[in-house]
Each structure stands twice: as structure tokens, then as C-alpha cells.
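Sequence lines set the chain letters: A, B, ... in the order given, protein chains first and strands last, and positions in each chain run from 1.
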Number of protein chains: 2
Amino acid sequence: MNLPPLVQSFVLHFGEMGSRWGINRTVGQIYALLFLSPEPLCADDIVDKLGFSRSNVSIGLKELQGWNLVRLQHIPGDRRDYFSTPDDLWQIVRTLVEERKKREIDPTLSMLRETLLVEPGSAEERHAQARMRELHDLIALLTGWYEDVQKLETERLVQLLTLGARVQRILEMKDRLTLLPGRRGRASAADAPPKDAPPKAEEA
Amino acid sequence: MNLPPLVQSFVLHFGEMGSRWGINRTVGQIYALLFLSPEPLCADDIVDKLGFSRSNVSIGLKELQGWNLVRLQHIPGDRRDYFSTPDDLWQIVRTLVEERKKREIDPTLSMLRETLLVEPGSAEERHAQARMRELHDLIALLTGWYEDVQKLETERLVQLLTLGARVQRILEMKDRLTLLPGRRGRASAADAPPKDAPPKAEEA
DNA sequence: CCGAAGTTTCAAGAATTTCTGAAAACAATA
DNA sequence: TATTGTTTTCAGAAATTCTTGAAACTTCGG
């Protein structure tokens, strides 16, 4: 590996973290390299800089494409594929969250939806199903919110994030406004906290 | 494995998903079982129900304790350790997010903070560092927001989530209010979108 | 202090994932 | 269609992670 020290430490870190992020070392390092690179790189550039085998790099790039995390582009007069990451970090975050949701949450939501249709055959199954329904409703609430937020323009999103703790004050303000006769929107079973959940948080 | 079908399919699913969630099959299945169980279980109960070796269960439980995802308790007159998951799903979500942040984000934030102190030695390093600063500021903004939200009472949190898309309207309302002379709070370098990021989101 | 009941550690084998080099497939050009 | 440069596939080697049974360790009541 032949990289400026600053770049190298970042690349190595991403390699290490890869396993925690659900990608492997190679993929993590390739991504880090592309992220920092001022111009697009082709597979052979990556082989040179990281010292992985050509095929390993090829598979890694394919995986990154599967995640929509890299952009494929061409340079006029050059037949090779060049890759880069979007300049806009917000775009990267949006993609990342979307893809993780797809892989880590959606399958579980489907499973829960299906399982909740089965008729329970015992008290134990009835309890299990109640628990699953709670989980389903919670996840549905979270993903519904996520989808709404994903639609916001970046500027609004930044505004929302910058608001931080002060969001509480805004919610209180809204409370007061909504004491007028209520029109309520999308909320479903998840409208209130789950039945047997005490509103106080308990310490672990 | 000797479980009611409904429970079994849930347990198997969690086992499968385990690898995507950064835990392994054993740990995923143990957690699923505890999550659905009406009463606390001891290690031997788990061995019976899932058919893993005793030591494997022991390691799995230890890992779950490391994640703060299970609660250890005792039954009077019984020396064995019994385990359960919190009844309050919101508590579970809070713990889960907290622990993932600790493992998946905090180390990177530290690395970035340190790396940003190094003096760049070339144009390439200067560019890399600018990119890292962007990333650092973005993550700092997100985690700052997260910390604020984590402090909200569950009731407020549900309210915020239920708000969903209508948050936009609230933000606009706030805009109008804030046209009055401004008092601004915590926001730092991340106050505006990153320098060279166009506010329009580009499609991948 | 002893023995019983329980938990954890450890080394080795099993299973899975990652990585490689060689060969096959592909695509553009002449 | 043949040539050339490039990407992808694939089978096995290497590395890592998971799982187990046995032994070591802890804790508690007598």
C-alpha cells in the first residue's frame, strides 16, 4: 500500500470498521480510497494503491455498486471503468440509510406482517404474537417517519437536525395549537406508546 | 429445536438476520427467544429450546449483556441466572441505537478528530483532509441531533415520529417566527450544508 | 473447609467468508 | 472477423469466525 499517511490511516480505519458496518475489509478500503480521491479511479488504480488482487477489487466494486455507493463513469478515449463517490455527503448518507434499511429492516417487517396473520394455537403463541405486533407497529412507525424525512430537501433536513433539543419546544407549541378541534393524519395503531409500556424509561 | 411454530419462525428469522445486524446466529436466536418469552429463561432453558451447546449459550448471553440488551435477574430460592428483555420496546430501541452508535460511529468520529489535527503535506492530503472535515461535521451534526432526541421522553418522541411529513409545515412555521431578530443555539460548522454540496439531491 | 450447583474458559474441529490467480467472457476497433 | 484491452467468473487456498466438550473456576449452604 503506497499512500500519503493521512489517506492511509483513513483507508485502514475503514477497512477495520468494515466488518462492523456489514461490508468486508476490501470493500471498506476501496470505498475509503474513492471517497478521498480528488478524481475518479479505475480498478487498476485501486489495485496499485491498495495491493489487493485484481479480482478482489472487481468484486468489491461490484458490491459497492450494489449498495449504490459508487458512481460509474467513463473518461473520453479510455475504455476503462472509472469510479467515484458522490460529492454531496448528504446524498451518501441518504443512500447508506436507504440500503441498510432495505437489508436490515425490511425483511423483518415482511416476516412480521406474515407471521401476524397466522392464527395462534396456544397461550404461548398468543403472547408471542402480541409481542410481535408491538414490534411490528414500532418498526412501522419508525420507517414511516424515515420515509417522510427522506423526502425532505436537504436544506430542510439540516434545519431539522440543527434544531436539536429545541424540537421539544416546537412540539409543545404545536400541542397548544392543536388544542383546537383536531384533524389527525396518518398515525395508526402506533399512535400511542405500546399498551403495557410504562412511559418512564427504565435503566438497564 | 422444540418450539411452537410461530415462535420458531421468528427465532429462525432472527438467527438469519443476525449476520446482517452484526451479531451471529446463536446470539440472534437467543435474543429472539428471550424477546418472545413470557417469563425469564435460564441458560439451560435456552439450551433445551434451541439445541446449542451450553458454552455457546453462555457466550451468547455474555455478548447480549455486553449490548445491554438483556436484563439479568434471579428467582428466589434458585441460584441460576435468569434473563429477559425489557418489556418496553422503546427502551430496547434506545439501547440498540446507542450501542450501535458506540460501535459503528464513535470510533470513526474519534479517528476523524485526530486525523484532522495532522498538518497536510501535499495537495492530495489537503484535499483528503477537506473531505474528512466535511464527513466529520456531518457525523457530528447527526450525532448531536441523536443525543438531543435520545433525551426526549418517549411520549414526545412518539409525537415527533407521528408528525412525519407534517414536520415540514412546522419548520416553515418556525421560519416565519424566526424572521424576528435571531437567537441561535448550538449549531456549529455544520450549520449550513457542506460548502461544495449543491442543495439539490442528485439521483444515484 | 467441603461438596454441589452453576458459569466461564479454552483448545481444537467445523463452517463460513475472504482472497487469489488463471481462464473465460465481453466490447470496441480496425 | 481478428485483435486488443478490459471486466467477470470460478475453484481452490488462506484466513476468520463459530461451535463444542471438557476442564477450570466461582459461589453458596452446610
Side-chain angles (χ1 to χ4, degrees), chain A residues 1 11-34 40-67 69-84 103-104, chain B residues 1 11-12 14-34 40-67 70-84 103-104:
Chain A
M1 185 181 300
V11 164
L12 290 177
H13 177 87
F14 264 55
E16 292 303 314
M17 295 299 285
S19 56
R20 303 193 190 183
W21 296 337
I23 58 180
N24 64 30
R25 194 167 52 96
T26 316
V27 174
Q29 290 194 9
I30 293 174
Y31 185 78
L33 188 64
L34 290 174
L41 301 177
C42 71
D44 287 321
D45 294 337
I46 298 170
V47 168
D48 289 346
K49 301 203 190 227
L50 299 181
F52 295 124
S53 75
R54 185 54 231 276
S55 56
N56 203 359
V57 168
S58 177
I59 291 170
L61 286 168
K62 216 174 132 202
E63 180 160 355
L64 285 172
Q65 286 177 280
W67 279 80
L69 280 172
V70 296
R71 174 187 307 280
L72 171 63
Q73 49 199 159
H74 286 101
I75 289 183
D78 188 335
R79 273 167 52 193
R80 288 172 295 183
D81 292 345
Y82 282 79
F83 297 89
S84 64
R103 289 167 172 74
E104 302 183 6
Chain B
M1 186 182 299
V11 165
L12 290 177
F14 265 55
E16 292 302 315
M17 297 298 285
S19 55
R20 303 193 191 182
W21 295 337
I23 57 180
N24 65 30
R25 194 166 53 96
T26 315
V27 174
Q29 291 195 10
I30 293 175
Y31 186 79
L33 187 66
L34 290 174
L41 302 177
C42 71
D44 287 320
D45 294 336
I46 297 171
V47 168
D48 290 346
K49 301 205 190 227
L50 299 181
F52 295 123
S53 73
R54 186 53 231 275
S55 54
N56 204 359
V57 168
S58 176
I59 292 170
L61 285 169
K62 217 173 133 201
E63 181 160 355
L64 285 172
Q65 286 178 279
W67 279 79
V70 295
R71 172 188 308 280
L72 170 63
Q73 47 199 157
H74 285 101
I75 289 183
D78 188 336
R79 268 170 57 194
R80 288 173 295 184
D81 291 345
Y82 282 79
F83 297 89
S84 63
R103 289 167 174 73
E104 302 183 5

Looking across every strand, which nucleic acid part, if any, lies under 4.0 Å from B:Asp44 by heavy atom: base, sugar-phosphate, or nothing? nothing
Whole angstroms only, please: what is the CZ-C1' distance between A:Arg20 and D:dT16? 16 Å
Rounded to whole Å, please give me the gap between CD1 in A:Ile75 and P in D:dT6. 12 Å
Protein-nucleotide distance (A:Tyr82, atom OH; D:dG5, atom C1'), rounded to Å: 12 Å
Below the 4.0 Å mark, does C:dT7 have OP1 or OP2 next to a side-chain nitrogen or oxygen of B:Lys62? no
When you measure from the side chain of B:Asp45 to the backbone N and O of B:Cys42, does any donor-acceptor pair fall under 3.5 Å? yes
A:Asp81: what forms a side-chain hydrogen bond (donor to acceptor under 3.5 Å, both in side chains) with it, not counting sequence neighbours? A:His74
Side chain to side chain, A:Leu50 and A:Val57, heavy atoms closer than 4.5 Å: no
One should read off an interatomic distance between A:Met17 CE and A:Leu12 CG, to the nearest 0.5 angstrom, of 13.5 Å
Look at the rings of A:His13 and A:Trp21 and say which category their plane angle falls in: under 30° parallel, 30 to 60° tilted, over 60° perpendicular. perpendicular
Could you state the atom-to-atom distance from CG of A:Asp78 to P of C:dA27 in whole Å? 17 Å
In whole angstrom, what separates A:Gln29's CD from C:dT18's C1'? 13 Å
Give a yes/no on whether any side-chain N or O of A:Arg79 is located under 4.0 angstrom from OP1 or OP2 of C:dA28. no
Whole angstroms only, please: what is the CZ-C1' distance between A:Arg80 and D:dT7? 12 Å
What is the separation between atom CD1 on A:Ile46 and atom C1' on C:dT20, rounded to the nearest whole Å? 17 Å
Student check: side-chain heavy atoms of B:Phe52 and B:Val47 closer than 4.5 Å: no
Between protein and nucleotides 17-25 of chain D, map the contacts as a letter string: B base, S sugar-phosphate only, - none, heavy atoms under 4.0 Å, written 5' to 3'. -SSBB----
Between atom CD in B:Glu63 and atom C1' in C:dT9, what is the gap in whole Å? 16 Å
